[in-house]
Protein chains: 2
Amino acid sequence: MTKPVEKKYKFAVIAVDPIIFSLIDNQLHVLLIKMKKDPYQDTWAAPGGLVGGDESLDEAVWRLTKDNTGIKDPHFEQLSTFGEVERDPFGRVVSVAYLTLLNADKVEIKTTQEYGEIRWFSVKRLPKLAYDHRDMVQAAVERLQERLLESNIVASLLAEEFTLTALQVVYETILGKKLDKRNFRKKILSLKILKKTGHQELFKANRPAELYKFVSKRVQPVEILG
Amino acid sequence: MTKPVEKKYKFAVIAVDPIIFSLIDNQLHVLLIKMKKDPYQDTWAAPGGLVGGDESLDEAVWRLTKDNTGIKDPHFEQLSTFGEVERDPFGRVVSVAYLTLLNADKVEIKTTQEYGEIRWFSVKRLPKLAYDHRDMVQAAVERLQERLLESNIVASLLAEEFTLTALQVVYETILGKKLDKRNFRKKILSLKILKKTGHQELFKANRPAELYKFVSKRVQPVEILG
DNA sequence: GCAAAAGTGTTAAAACTACACCCATGG
DNA sequence: CCATGGGTGTAGTTTTAACACTTTTGC
């Protein structure tokens, strides 16, 4: 993800690192690539890379995400910038971490020549990560939990239509704690950010669940839970 | 604050920009320096600068703050990173903005050869600012308001001992709205982050006020107001 | 004794928490 | 008819919001 740079140099290299989350099997997962080059050969890392001279940070994170994973135009939020001197053994690289949450079923993960492998990992069972990417993932999980409570960021994770139970499970999984069913429903419906589709989830061995959708999938501030 | 860089270059220059707030005459002020060099000659800007090859971002913001303003080791929080391609007319400079709040009376602002002038400006009456520093100040004000509600960041602004009314005025000024005196006192005292010093503010033409101090001035999360 | 800011308590409304049973379907 | 998850209401508690008068001092 980086190229050699002289340490003494006053110029640095700017990287961006997308921390891409999804839920798989009711576990929060993060998308990582296996690096081919030394000294991190065969080590997993966020699918980031260097920022081009003629692109903004936002443009770079979209481009790299598309090139490295095939995922197009997710909603990114800037997380934090990592600038310890020794964070990259090749030289001075400052990296701006970004965060997104998306539906793993809706994206097809693409492998590239540059990276050997690309895979979702449960955040509870991360492999050894290159650079300070473990810190990045850690910080991203915490930020994601905060964002869950103050925005409708989950909208980008869920299918177009979903049951309230499915929504609750997402919250429980990411927050790592159980929520009360009745209180959750009362609260989320009072926010007027969902509407019934009129459809039902059928063909299951139980009472069919009402399907809901977000009034707007645009990520915006909402006080979700207190 | 920047040096010429070729645009095509893949390397960029990293800058840090401290957004330094204080309260003066019951108005939120930000510390700015007047630039000497083209193309921003005589334009005001945050007292930032370039990050050295052998220092972290955090180290750089402390060094530059000390060199440019004389202020030593304030509590900085990373705000956001600004990386639009054209944000600096000299070339590609990515800047990491930092935020701090301090007591203007306790620091002596130092002028340097490099910058013509250094001054506090009310955030309500900002001059024309260099680069995207107006956006930075704007973002910093919003973040500061959030931090006021979820941490004891005000501790770094106040004198060692202060009255509850003084504390309330700080909140009102930064948040830009009036608060109820009784409710404010009830809430802030219930948090157990203050303790009475036993001293009083005397020699005023009114009933003397009790003086309080923070149990810990270390900035840490606290749910202040809901 | 007057001006000025400090200090203090109650009530109503809203938000949150805990909790248990009936319902609609597939098999 | 049974197993499964869906759906619903209420009561107790806590938190917030609104609001006005008495106290202590300097002059």
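Reminder, nothing fancy here: chain letters follow the sequence lines and each chain counts from 1.
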Under the side-chain contact (heavy atoms from CB on, under 4.5 Å) test, which residues partner A:Ala97, sequence neighbours left out?
A:Leu79, A:Phe82, A:Met136
Rounded to the nearest Å, what distance is computed from the CZ atom of residue B:Arg207 to the C1' atom of nucleotide D:dT24?
6 Å
For the pair made of CD in B:Glu172 and P in C:dA5, what is the distance, rounded to whole Å?
14 Å
Categorize A:Glu201 for me: base, sugar-phosphate, or nothing, with a 4.0 angstrom heavy-atom threshold over every strand shown.
nothing
Among C:dC16, C:dG7, D:dG6, which is the nearest nucleotide to the side chain of A:Lys187?
C:dC16
Rounded to whole angstrom units, what separation is found between the CG atom of B:Leu202 and the P atom of D:dT25?
9 Å
Does B:Gln168 have any side-chain contact (heavy atoms from CB on, under 4.5 Å) partners at least two apart in sequence or in another chain, and if so, which?
B:Glu172, B:Leu179, B:Lys181, B:Phe184
Would you say C:dA5 has OP1 or OP2 under 4.0 Å from some side-chain N or O of B:Thr165?
no
To the nearest Å, how far apart are B:Leu167 CG and C:dG7 C1'?
15 Å
5' precedence on DNA chain D between A:Leu164 and A:Asn206 (nearest-nucleotide basis):
A:Asn206
For B:Ala205 and A:Pro208, take the nucleotide of DNA chain C holding the closest heavy atom to each; which residue's nucleotide lies nearer the 5' end?
B:Ala205
Lys/Arg cation over aromatic A:Phe121: A:Arg119, 6.0 Å, 45° cone
yes
Output all residues satisfying side-chain contact (heavy atoms from CB on, under 4.5 Å) with A:Lys66, sequence neighbours left out; order by chain, then residue number.
A:Lys72
Expressed as a whole number of angstroms, how long is the span from A:Ile224:CD1 to C:dA15:C1'?
16 Å
For residues 175-185 of chain A, which residues have at least one heavy atom under 4.0 Å from DNA chain C?
A:Asp180, A:Arg182, A:Asn183
Kindly indicate whether the side chain of A:Lys186 and the base of D:dT10 share any N or O donor-acceptor pair separated by less than 3.5 Å?
yes
May I ask you to say what A:Thr163 touches in the nucleic acid, namely base, sugar-phosphate or nothing, with a heavy-atom cut-off under 4.0 Å?
nothing
What is the distance, to the nearest angstrom, from the CZ atom on B:Phe203 to the P atom on D:dT25?
12 Å
Using the test side-chain contact (heavy atoms from CB on, under 4.5 Å), find all partners of B:Arg182 that sit at least two apart in sequence or belong to another chain.
B:Asp180
Expressed as a whole number of angstroms, how long is the span from B:Leu189:CG to C:dT8:C1'?
12 Å
Euclidean distance, atom CD of residue B:Glu223 to atom P of D:dT14 [Å, nearest integer]
19 Å
In terms of the angle between their ring planes, are A:Phe162 and A:Phe214 parallel, tilted or perpendicular, with boundaries placed at 30° and 60°?
tilted
Would you list the pairs meeting side-chain hydrogen bond (donor to acceptor under 3.5 Å, both in side chains) in which at least one residue belongs to residues 205-214 of chain B, sequence neighbours left out?
B:Gln200-B:Glu210
